[in-house]
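Some notes on the structure that comes next.
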Amino acid sequence: MAEETPAPPPAPPGANPPAPPAGAPPAGAPPDAPKPPAAAKPAGKPAAPKGPAPVDASGKPLVANISMAVPGAVVAATEFLGQTTVEVEPAKLVEVCKHLKDSESFTYLVDLTAVDWKDRQPRFDVMLWMHSFKRNNERLRLKVKCGETCPSATSVWKAANWMEREVFDLFGIRFEGHPDMRRILTWDGFLGHPLRKDFPIEGIDTGAAIYPDRYPEGGGPAPDDPNRKLVS
Amino acid sequence: MNSERQLPGTAGWVPPIESPNLLGLHEMELNFGPQHPSTHGVLRIVLKVDGEKIVSARPDIGYLHRGTEKLFETETYPMGIPHTDRMDYVAAATNNHAFCLAVEKILSLEVPKRGQIIRVLLDELQRISSHLLWLGTSAIDLGAMTPFFYCFREREAILDMFEEYCGARLTLHCMRIGGLLVDVTPMFMQAAHDFAGTFDARVDEYEDLLTENRIWKKRTIGIGVFTTEQCIEWGVTGPPLRGAGLAWDIRRAIPYECYPELEFDIPVGKNADTYDRYLVRMAELRQSNRIIKQCLKWLDENPKGDVRGKVPRVIKPPLGDAYACVESPKGEIGFYLVSNGTNKPYRMHVRPPSFINLQALPEMVKGHLVSDLVAVIGTIDIVLGEVDR
């Protein structure tokens with residue numbers, strides 16, 4: 001999002017600073033969330049209490065079952081604060097989900113969301129977590145590192161439909177195989193994906209796309225609008 | 001109206017839907033909302049109707065989107081709590097609670113027993129007030145005016161209690177990371193005792209008005225049936241799931257605070273319809289009051305104690321991620337927190353129960369009449385502030 005046209009309020013320069021400080025530290029350190037608490041310890045202020053360190057969970061029977069049922073799917077498995085996260089290969093995600101639902105009774109998809117690690121390749125983490133009523137309310141979190149496309153879990157859980165639409169809307173991750181990949185919270189024709197780290201917090205000038213003869217397609221202010229700021 | 005369809009009796013005529021039609025050929029698109037009193041906010045539903053019968057429904061949301069998750073990322077952890085008030089604005093206490101739990105989880109903080117009890121007390125008062133708002137408004141939607149006045153009488157008493165406790169009535173901001181800001185006051189305790197003593201009789205009053213009411217039963221029985229399997233498939237939690245017969249409540253399933261020590265039952269329904277969801281909520285009112293009485297008893301017996309544990313002055317969680325959830329009046333509300341070691345969350349995601357329950361609406365109303373849609377929206381109990389965030 002680059003703004004042209006000198007705008008009277010000094011918003012654009014102030015716009016970017018909030019994002020980089022939040023985005024930069026994890027990019028410098030290994031961005032994988034559970035791994036680097038050791039790095040946090042020396043930097044951590046004495047006031048910050050240290051949480052329990054994440055441990056490798058690849059020995060858990062559940063994780064072993066996944067790697068057995070879908071060979072090559074599990075990249076890593078960690079346990080942090082009693083919550084297990086299994087990182088899987090994007091290409092095998094649907095297979096793993098099917099296995100978890102059908103064979104491991106994880107019937108309830110609790111939530112699906114994404115995390116933007118701005119400077120990393122691939123850029124996004126898509127997180128899914130699921131719940132099993134039969135296994136004494138056990139929960140499991142799946143993590144997929146992906147770019148702007150990710151396989152859709154809608155064929156496994158219907159609940160994933162709106163969750164994936166929300167991620168598409170706010171992060172711009174397109175879910176392949178989703179039956180209805182449209183924006184959900186912002187309006188059709190909105191430019192940009194608000195939860196990306198490079199989206200300015202004060203928003204972008206999109207105008208209103210209610211008069212298509214006057215306003216450009218895809219939203220944005222009218223061409224003769226003096227307050228117009230171009231959004232690339 | 002579908003102009004391509006041929007007239008009945010001619011070759012190639014296909015009936016619009018298999019079930020008996022009301023108007024035969026004509027399917028009409030109807031906008032329900034965004035300014036409709038029974039959508040409880042700005043929800044727009046694009047209906048395809050065949051006469052009065054719903055062929056398909058497509059909810060259109062986002063009118064209240066404020067980018068709450070983005071705001072969390074720009075502010076410190078304690079500054080995030082007031083934003084949660086404004087999501088489900090009729091159940092701010094449970095939102096605060098879920099947010100604080102997520103941060104406490106990643107910080108491994110302990111809340112003192114007294115703080116836990118008061119949190120539970122506030123949660124249950126909030127649950128009652130949210131259910132009362134639901135009962136009053138959804139009864140009005142179905143044409144019953146009187147319950148609204150009764151419900152708001154009691155809700156007013158609860159809001160007064162909140163005002164006495166934290167100064168706010170709706171957007172409470174009543175919890176802090178690691179516990180609570182203040183202890184309960186004697187006036188609050190007195191009001192809570194008075195309320196808990198009379199509330200069971202009040203629930204009887206509501207039930208007198210509705211439970212055996214012929215109109216109410218005709219409008220709700222068999223409407224919007226959503227079985228346990230469907231609920232799980234669509235991620236529906238809260239009273240709709242329990243109304244379908246599964247006794248699943250986060251307070252028992254994934255216990256938090258002092259709920260394991262408290263006695264209460266999980267009411268369940270049988271027929272998974274609107275009426276059973278109503279019955280479940282009525283029973284939950286009584287169970288919440290039961291919990292409130294136990295909390296008040298504990299507070300009377302233990303008049304002193306800390307309400308907040310040891311919390312660092314600057315909250316900087318270690319690197320990592322955590323998810324914590326509580327049972328809100330609407331279902332499972334959860335917060336997923338990714339920390340990068342700074343004093344601001346790198347990512348804070350909300351699992352909003354209203355959003356996910358609303359997703360199942362088109363399935364619930366398919367084949368019903370437009371007037372039943374009103375009953376079903378009422379029974380899912382959505383709050384658009386939470387749907388759109």
Side-chain angles (χ1 to χ4, degrees), chain A residues 18-19 21-23 25-26 29 33-37 39-41 43-54 80-81 83 85 107-111 113-116 125 127 129 131 133 137 139 141 157-163 166 169-170 183-187 194-195 197 199 201 203, chain B residues 59-62 65 67 69-71 73-74 105-109 229-237 246 248 250 252-254 310 312-323 325 332 334 336 338-347 349-351 355-356 358-360 363 387-389:
Chain A
K35 271 176 194 161
K41 196 179 168 190
K45 304 285 173 287
K50 210 183 99 41
F80 183 56
L81 303 165
Q83 301 178 345
T85 308
T107 46
Y108 160 37
L109 178 70
V110 180
D111 207 352
T113 190
V115 184
D116 177 14
D125 279 347
M127 321 285 300
W129 45 108
H131 179 102
F133 294 95
N137 294 309
R139 289 199 165 180
R141 192 151 59 221
W157 296 281
K158 286 178 179 155
N161 191 320
W162 277 22
M163 301 171 187
E166 187 189 330
D169 189 356
L170 303 180
R183 286 182 179 269
I184 187 163
L185 291 178
T186 60
W187 59 93
L195 276 182
K197 288 286 176 187
F199 189 92
I201 179 69
Chain B
D60 183 12
I61 60 171
H65 181 58
E69 289 177 13
K70 185 85 173 172
L71 288 175
E73 291 172 10
T74 60
K105 175 129 197 150
I106 200 162
L107 285 167
S108 308
L109 288 182
E229 290 72 32
Q230 281 174 303
C231 280
I232 293 172
E233 180 70 29
W234 286 94
V236 172
T237 48
L246 184 66
W248 190 77
I250 307 241
R252 283 277 186 253
I254 310 167
K310 276 207 161 115
R313 189 167 277 273
V314 179
I315 291 174
K316 281 192 178 176
L319 285 176
D321 54 350
Y323 176 84
C325 54
E332 172 181 353
Y336 174 62
V338 179
S339 158
N340 60 353
T342 61
N343 61 353
K344 291 172 184 166
Y346 186 72
R347 169 103 172 93
H349 172 73
V350 194
R351 186 221 185 259
F355 176 77
I356 291 164
L358 179 64
Q359 183 179 190
E363 288 293 307
V387 172
D388 298 340
R389 280 154 290 143

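Residue numbering restarts at 1 for every chain, and letters A, B, ... go by the order of the sequence lines. As a basis for the values below, the full set of heavy atoms in this structure was taken, side chains included, without hydrogen atoms, waters or symmetry mates.
- The two residues B/Tyr323 and A/Gln83 have their closest heavy-atom pair at O-NE2, 2.6 Å.
- To the nearest 0.5 Å, the span separating CZ on B/Arg252 from CG on A/Asn137 amounts to 12.5 Å.
- A donor-acceptor contact shorter than 3.5 Å is absent between the side chain of A/Arg141 and the backbone of B/Ala322.
- Shown here for B/Ile106 and A/Leu81, the closest heavy-atom pair between the two residues is CA-CD1, 3.7 Å.
- In terms of heavy-atom proximity, B/Asp321 sits nearest to A/Phe80 at O-CD2, 3.2 Å.
- A/Tyr108 places no side-chain N or O within 3.5 Å of a backbone atom of B/Val236 that could act as its donor or acceptor partner.
- Heavy-atom pairs under 4.5 Å with chain A peak, among B/Lys344, B/Gln230, B/Arg389, B/Lys310, at B/Arg389.
- Looking at B/Lys70, both its backbone and its side chain come within 4.5 Å of chain A, counting heavy atoms on both sides.
- Per-residue counts of heavy-atom pairs under 4.5 Å with chain A were compared for B/Arg351, B/Gln359, B/His65; the largest is that of B/Gln359.
- In terms of heavy-atom pairs under 4.5 Å with chain B, the best-connected choice from A/Thr186, A/Asp116, A/Leu170 is A/Asp116.
- With a 4.5 Å cut-off on side-chain heavy atoms, B/Val338 and A/Met127 do not count as touching.
- Atoms OH and NZ, on B/Tyr346 and A/Lys197 in that order, are 5.0 Å from each other to the nearest 0.5 Å.
- Nearest approach of B/Gly235 to A/Ala159, heavy atoms of both residues: N-CB, 3.7 Å.
- Under the rule for a side chain to side chain contact (heavy atoms under 4.5 Å, CB included), the partners of A/Thr107 that lie at least two apart in sequence or sit in another chain are A/Phe133, B/Ile232.
- Top candidate by heavy-atom pairs under 4.5 Å with chain A, chosen from B/Glu229, B/Glu332, B/Glu363, is B/Glu332.
- With a 4.5 Å cut-off on non-hydrogen atoms, B/Ile315 does not touch chain A at all.
- For A/Lys158, the side chain to side chain contact (heavy atoms under 4.5 Å, CB included) criterion is met by B/Glu233, B/Trp234, not counting sequence neighbours.
- In terms of heavy-atom proximity, B/Ile61 sits nearest to A/Leu185 at CD1-CD2, 4.0 Å.
- Separation of atoms OG1 (A/Thr113) and CZ (B/Arg347) is listed at 4.0 Å; rounding is to 0.5 Å.
- Ring-plane geometry between A/Trp129 and B/Tyr336 is classed as tilted, the angle between the planes lying from 30 to 60 degrees on a 0 to 90 degree scale.
- Closest heavy-atom contact between B/Cys325 and A/Arg139: SG-NH1, 3.7 Å.
- Taking CG from A/Asn161 and CD1 from B/Ile356, the interatomic distance works out to 11.5 Å, rounded to the nearest 0.5 Å.
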